[in-house]
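In what follows, every heavy atom counts, from backbone to side chain, and hydrogens, waters and symmetry copies are set aside.
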Amino acid sequence: YQQQAYYNQQAQNAGQQLGSAFNSFGNAVGSFFDGAVGALAVGARVMVQWSDGNRYPAAVTQPPRGGQIEVAFPDGRRVWVPQGMVSAIY
């Protein structure tokens, strides 16, 4: 039974790592696409993936620079965030 629990835990860990890798790849492809088509231009409405795991609406206030982009949230806060955490609202 202990060996089965060990293998179950290993499979769960592998699944989480694979999911994380796919998520990172998706963010990178999305960022490339958004940048290529200009979807992250100043004024564009976007969703920002925050450190708490939630996505929040914002607007682009400065174009991407050095892998970062400045966004403004509805409450008026303006912050620079990694471009990979920002996706355009189409």
Side-chain angles (χ1 to χ4, degrees):
Y1 176 75
Q2 287 179 340
Q3 190 172 16
Q4 182 64 40
Y6 171 78
Y7 288 126
N8 288 344
Q9 183 63 45
Q10 293 300 315
Q12 182 179 4
N13 290 344
Q16 288 172 346
Q17 291 173 351
L18 183 60
S20 179
F22 277 119
N23 188 38
S24 295
F25 177 74
N27 285 341
V29 169
S31 292
F32 172 79
F33 177 77
D34 289 344
V37 299
L40 298 180
V42 172
R45 292 182 18 203
V46 296
M47 295 296 287
V48 178
Q49 179 79 36
W50 206 247
S51 57
D52 65 3
N54 293 313
R55 294 169 43 95
Y56 297 97
V60 175
T61 53
Q62 292 288 325
R65 190 176 325 147
Q68 300 271 318
I69 189 165
E70 186 186 53
V71 297
F73 293 99
D75 65 2
R77 286 182 302 131
R78 293 170 67 142
V79 297
W80 285 89
V81 296
Q83 188 174 344
M85 296 294 142
V86 179
S87 58
I89 301 174
Y90 296 102

Approximate separation, where rounding is to 0.5 Å, of Q49 CD and M85 CE: 6.5 Å

Where Q83 and I69 come nearest, the two heavy atoms and their spacing: CA-CG2, 4.2 Å

M47-W80 co-clustered via ILVMFWY side chain contacts under 4.5 Å: no

Same apolar cluster (I L V M F W Y, side chains within < 4.5 Å links), V42/I89: no

Pairwise side-chain contact, P57 with R45, heavy-atom cut-off 4.5 Å (strictly under): no

Side-chain heavy atoms of E70 within contact of R65, under 4.5 Å: no

Least distance between heavy atoms, A88 atom then V46 atom: CA-CG1, 4.0 Å

Residue pair A58 / V71: nearest heavy atoms and the distance that separates them: CB-CB, 3.9 Å

W50 versus V79, closest heavy-atom pair with distance: CH2-CG2, 4.1 Å

